[in-house]
**Q** 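Below is the structure I would like to discuss, written out as structure tokens.
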Amino acid sequence: PAALEPDGLFDDFVAESKRFGAELRTRLDEEIRTRVLPELARGLGSWAVGAGRDLADPAVRRDIENASLTWVFRALFVLYAESAGYLPVDHAGYQPTALTTLTEQAADTLDSLDPKSTSLWDRFAVLVHALRTGDSAMSVPAYNGALFAANSLPGAPLLETASVSNSTFGQALASLGRDQETGLGVDYSSLEIGHLGHLYEGLLSLHVAVADTDLALYPTGEKKSLRYEPAKKPVDVVVPSGELFWQTHTGGRKAGGVYYTPDLLVEHLVRRAVLPSLEDHLAKVSDLAVADPSTAAAELFRFRVLDPACGSAHFLVSALHRIAERIGRFLAETPLPGVRDELEALRAAAGTTHGLRIEHGDLLQRLVLKRCVYGVDVSPMGAEVARLSLWLAAFVPGLSLAYLGHTVQVGDALIVVADPSVLQGEGTLGMRPIYADQVDDAIAAAGQASAELAAVTDRTPDDYERS
């Protein structure tokens, strides 16, 4: 059909969809920076003062900063999952505490939100707990994982004990749930995983400070760039003295030093670096399958992709999708009973979650995520952002979030021993180092642990704990 020809109607539709997603991401980024994070910091700061904590203490501010970011990460994950139909937003038990419901109610009642009530915060806490442990009355299985755990992510323990009033928290909810340009609800499923990763990554250059005088935002001379400075007139004040506010390390509101790899470059890297190596690997597995299907099934996922500076996992998400897609086509041509049994066990564990059909490719992505995709980032919160992007990319309703503590690590890729033989081989005098046997033992133990870990498919919270 003419619509499917190059530069036809279908290509126009795809281009328009990408443009809409990119523009929505830009608007959300502005809302999160200028409305959501400031309201969260204000609310958590007020709670902290009431609990006897000193906002002048950098550790207290850092805790509030981390808690605010963790809350945003959770909220964006849930809103995406609800928009995509992964969570049962229409179920009678789930609907009252759905984050989509809370954002709509906050937006509709913005002018009358009670400063003495914390009901919106409390209802979101119920939702987080349900996602953590499961709730049959809400038709929610236990997803567990670090994202919803009480103490895994930085700032999570503070969220367990704090509370924020409706009048403050409602402002943050409304800004997330209502597109300020259209006045309509936000369809988060129209965003690509890469858009969300870009959002997450951009927030990492912000930090919480306390105003030691009344502050205003004034132009810096750069295009659309504003900087916090002492207010020249009372009418200019946007942050009163003593209140918390968010800024970059240069004193502005926009991120600096955070770089995002363009889609075209990511696709080029995957196409030219990952897929050719994968083809060579699959050719070997195909030959092995003729005589020994069981060994071939074990060998299939012994393919590794590493991003040593993964950021928000933009490259890893793309690699994950393409590897799973190619392995799916390979299995259609070369059936492997061992892999088929693993996929069926995952499908059985997922069940029929609120009527959703679990696709074969979705289950494959779970296995590829756990066994083939690895990342390193120097920033602890950056590593959490990478895990969050990968969780979204391989989310399967009904299955626990995969344990990624071993596949996405915090570290400096510039300071590393890439080749173990450097520590194992002969020294300048032709002798093995005195610690070589210890290195051999450590590598053998790590290999055994890695194999055992790959065998755990994280179907349930108990599996997650084993991982």
Side-chain angles (χ1 to χ4, degrees), residues 36 71-114 116-145 147-150 159-160 163-167 169-179 182-191 196 346-359 362-363 388 391-392 394-401 459-462 464:
V36 178
W71 187 91
V72 169
F73 295 163
R74 286 175 174 176
L76 291 177
F77 182 97
V78 172
L79 287 168
Y80 182 90
E82 289 182 353
S83 293
Y86 296 154
L87 293 172
V89 287
D90 295 326
H91 188 277
Y94 182 91
Q95 195 270 340
T97 54
L99 187 52
T100 302
T101 300
L102 299 185
T103 60
E104 290 173 352
Q105 289 183 356
D108 291 340
T109 61
L110 206 53
D111 295 333
S112 58
L113 291 173
D114 190 347
K116 296 181 180 179
S117 173
T118 61
S119 61
L120 292 172
W121 180 272
D122 297 338
R123 286 161 66 190
F124 184 70
V126 170
L127 176 58
V128 169
H129 191 268
L131 293 169
R132 181 186 303 160
T133 63
D135 190 322
S136 58
M138 296 172 64
S139 190
V140 174
Y143 287 108
N144 203 358
L147 180 60
F148 300 112
L159 295 176
E160 294 295 304
S163 59
V164 178
S165 71
N166 286 357
S167 57
F169 187 53
Q171 298 281 347
L173 289 173
S175 296
L176 277 181
R178 188 70 55 89
D179 188 334
T182 65
L184 303 175
V186 177
D187 179 7
Y188 280 83
S189 65
S190 65
L191 292 169
L196 289 171
L346 283 173
R347 190 186 305 280
T352 55
T353 307
H354 54 276
L356 285 178
R357 174 181 171 79
I358 306 300
E359 299 293 339
D362 297 332
L363 299 171
L388 191 56
W391 278 326
L392 278 170
F395 185 82
V396 176
L399 296 180
S400 179
L401 297 180
R459 293 173 296 176
T460 66
D462 287 342
Y464 180 90

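Residues take their numbers from the sequence shown, with the count starting at 1.
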**Q** Under the side chain to side chain donor-acceptor pair (under 3.5 Å) rule, collect the residues that match up with D90, sequence neighbours excluded.
**A**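 With sequence neighbours excluded, D90 shows a side chain to side chain donor-acceptor pair (under 3.5 Å) to no residue whatsoever.
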**Q** Does a side-chain heavy-atom distance below 4.5 Å link H129 with D135?
**A**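 No; the side chains remain at least 4.5 Å from each other.
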**Q** Restricting to ring pair (Phe, Tyr, Trp, His ring centres under 6.0 Å), what partner residues turn up for F124, sequence neighbours left out?
**A**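 For F124 the ring pair (Phe, Tyr, Trp, His ring centres under 6.0 Å) partners, ignoring immediate neighbours, are W71.
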**Q** Would you please indicate if the ring centroids of F395 and F77 are separated by under 6.0 Å?
**A**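 So the answer is yes for these two rings.
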**Q** Checking D114 now: which residues fulfil side chain to side chain contact (heavy atoms under 4.5 Å, CB included) with it, not counting sequence neighbours?
**A**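 D114 satisfies side chain to side chain contact (heavy atoms under 4.5 Å, CB included) with K116, S117 only.
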**Q** Do the non-hydrogen side-chain atoms of L399 and L346 ever get within less than 4.5 Å of each other?
**A**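 Yes, close enough: below the 4.5 Å cut-off.
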**Q** For E359, enumerate each residue passing the side chain to side chain contact (heavy atoms under 4.5 Å, CB included) test, keeping only those at least two apart in sequence or located in another chain.
**A**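 Testing E359 for side chain to side chain contact (heavy atoms under 4.5 Å, CB included), a comparison that skips the adjacent residues, returns R357, D362.
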**Q** List for me each residue that meets side chain to side chain donor-acceptor pair (under 3.5 Å) alongside T109, sequence neighbours excluded, and say none if there are none.
**A**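 Residues passing side chain to side chain donor-acceptor pair (under 3.5 Å) with T109: none at all.
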**Q** Could you work out, with side chain to side chain contact (heavy atoms under 4.5 Å, CB included) as the rule, every residue matching A150, not counting sequence neighbours?
**A**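 Here the qualifying residues are R132, E160.
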**Q** Side chain to side chain donor-acceptor pair (under 3.5 Å) with Y94: which residues, sequence neighbours excluded?
**A**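 Here the qualifying residues are E82.
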**Q** Suppose the criterion is salt bridge (charged side-chain N to carboxylate O under 4.0 Å, His left out): which pairs have a residue in residues 91-109, not counting sequence neighbours?
**A**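 As it turns out, the salt bridge (charged side-chain N to carboxylate O under 4.0 Å, His left out) pairs with a partner in residues 91-109, which skip direct neighbours, are D108-R178.
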**Q** Which residues satisfy the side chain to side chain donor-acceptor pair (under 3.5 Å) test with S189, sequence neighbours excluded?
**A**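 Side chain to side chain donor-acceptor pair (under 3.5 Å) check on S189 returns D187.
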**Q** Using the test side chain to side chain contact (heavy atoms under 4.5 Å, CB included), find all partners of T101 that sit at least two apart in sequence or belong to another chain.
**A**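 Q95, A98, Q105, R123.
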